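Worksheet for the structure shown next.
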Number of protein chains: 2
Amino acid sequence: MESPVPPEPPIYRRIAESLRQAILAGDLRDGDRLPGENALMAEYGVARATARQALGVLINEGLAVPRRGSGVYVRRFRPIRRHGPRRLSREQWGRGRAIWDSDTTGRPYTVDELTVARESASAEVARVLGCEEVWVRRRRYSVDGRPVQLAASHFPAELVADTPITRPDTGPGGVYARLRELGHGPAHFTEEVRARMPSPREAARLGLPAGNPVILVCRSAYTADGRTVELNEMIMDAASYVLQYDFDA
Amino acid sequence: MESPVPPEPPIYRRIAESLRQAILAGDLRDGDRLPGENALMAEYGVARATARQALGVLINEGLAVPRRGSGVYVRRFRPIRRHGPRRLSREQWGRGRAIWDSDTTGRPYTVDELTVARESASAEVARVLGCEEVWVRRRRYSVDGRPVQLAASHFPAELVADTPITRPDTGPGGVYARLRELGHGPAHFTEEVRARMPSPREAARLGLPAGNPVILVCRSAYTADGRTVELNEMIMDAASYVLQYDFDA
DNA sequence: CAGTGGTCTAGACCACGAT
DNA sequence: TCGTGGTCTAGACCACTGA
């Protein structure tokens, strides 16, 4: 009987692992420069493609981010805390603290892209909103000058026609205030949360490096009598967000 | 004045884009085999590394998954719907049902790994639970024979000592029923949701291919008088889950 | 056994960033 | 200007899959 020998991982994995340990142990900190391709070639005696492959592992893990002409650097994670139902927030009952510190709460955001258009609803949107024609408000949010979220709000066309919701400036209180004035104020919300890798288009619009997933939040707003009045699809940089949901048993 | 010419993307990107379109347009369906490295070399007249790079793009996007010795195939996405508030309602755990019954919406799940141990709390866990010693229940959940979630529930040691919570079988209703019998039934919950790429260890335990993010849910359970009685850290295959949260305005 | 993807070498030219 | 990462070629050997 011979005990099964665990096969040695390939060289590029071992190089990646040693760099990963340096990052997780804190030897390399946020924003520090990793050894470059040339340095790894010299240190480990490997070809350039192999050194490159090792760095690619960390980049695809989201631990490192490459900068053309400069080097590969340790990625930082300073999330924005996005609250779901705020009125149920933990501060009202618990003394526990968040696991992940986020001093970034309350930082100012900007809307640096905004389009409002009447469109034909996709099959899914049509099914949820129960209509074929919709008004769509698309915008991109940035924090500290960096884009962090794409959002597209859909409204039934006949519901919001000739209201400020169809214009860039919705007025004080935003779209929910306008919906309330129309007698269709939201009373209930459902949010569906998913995560995946971004499409190239999404990655470009959000300025995401490789190895950076996106969080998708699809929020439906319902009136008290059960009508769906808004469908908001959000695409968030996963490295920039922590979503918080509070609820009772 | 010359108008700025958008630079052509590199060959491997164009190859990847054409494959992506084939997938998104439905020409290639779930589980279909993509053209392999040799096919792409012939079709586009590129070197093997370039064909490989093109496939790597789709793999890292989570659109395709490679199978050694066989080919590269279109990835499928059949998520489990995990309900936030509903699954934790008193009606669910109050009458002898396990939480996961409402999770899989008809698909059977299994717990194929389970360990229960008394441990020293990490600094973060100690801060949230307010104690140094904890009991930790770690398990792995599988659906359709595939692992989909890793979970680690932490309980204050002095609270659950000598209860079924410290044993593999917690009895009918699970840990929340036991906590309620102890007079520490959860009344409020907070869930923090993040997403990132998995570590190699997490990817191995969940059997994740490249390009597959994980969703992290950190749930804190509080009693009515504000004590934190559980901290549950979950790591989910992002391709297997949709999280749903319902709340009122 | 033939074909596949996984790993690796040894070159090359390029665009870009810092200096 | 020089070093960086980005792209690409033309080979090689390996382990694994499937017929």
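Note that the coordinates shown come from a computational prediction; the quantities given were computed from them, not determined experimentally. By convention in this document, chain letters (A, B, ...) are assigned in the order of the sequence lines, proteins followed by strands, and residues within each chain are numbered from 1.
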For A/Glu61 and B/Pro200, which heavy atoms make the closest approach, and how far apart are they? OE2-CG, 3.5 Å

B/Phe155: ring pair (Phe, Tyr, Trp, His ring centres under 6.0 Å) partners, not counting sequence neighbours: none

Using the side chain to side chain donor-acceptor pair (under 3.5 Å) criterion, which residues pair with B/Arg68? Sequence neighbours excluded. none

With under 30° as parallel and over 60° as perpendicular, where do the rings of A/Tyr141 and A/Tyr109 fit, or are they tilted in between? perpendicular

Return the value, rounded to whole Å, for the distance between atom CG of B/Leu40 and atom P of C/dT4. 11 Å

Atom-to-atom span, OH of B/Tyr73 to C1' of C/dG3 - whole angstrom: 11 Å

For C/dG5, does OP1 or OP2 lie under 4.0 Å from any side-chain N or O of B/Arg52? no

So does A/Tyr12 get a side-chain nitrogen or oxygen closer than 4.0 Å to the phosphate oxygens (OP1/OP2) of C/dT7? yes

Check: B/Ile215 and B/Val217 side chains under 4.5 Å, non-hydrogen atoms: yes

For A/Glu113, run the side chain to side chain donor-acceptor pair (under 3.5 Å) check against A/Arg205, A/Arg138, A/Arg139 and tell me which one passes. A/Arg205

Short N/O separations, protein against nucleotides 10-16 of chain C, under 3.5 angstrom:
from: C/dA12; atom 1: N6; to: A/Arg48; atom 2: NH1; distance (Å): 2.9

Would you please say whether a donor-acceptor pair under 3.5 Å links the side chains of A/Asn38 and A/Arg48? no

Just do the salt bridge (charged side-chain N to carboxylate O under 4.0 Å, His left out) check on B/Glu191 and B/Arg82 with the steps written out, would you? CA-CA 13 Å; B/Glu191 294 197 348; B/Arg82 174 189 184 269; 3.0 Å; yes

Centre of B/Tyr241's six-membered ring, under 6.0 Å away, within 45 degrees of the axis: is that where NZ or CZ of A/Arg194 sits? no

Can you sort out which residues in residues 55-67 of chain A have a heavy atom within less than 4.0 Å of DNA chain D? Ascending by number, please. A/Pro66, A/Arg67

Heavy-atom count around B/Gln21 CD within 6.0 Å, excluding the residue itself: above 12? yes

Proximal nucleotide (of C/dT7, D/dT9, D/dT7) relative to the B/Thr50 side chain: D/dT9

Which of residues 27-38 of chain A have a heavy atom under 4.0 Å from DNA chain C? none

Could you list the residues that satisfy salt bridge (Lys or Arg N to Asp or Glu O under 4.0 Å) with B/Arg196, not counting sequence neighbours? B/Glu202

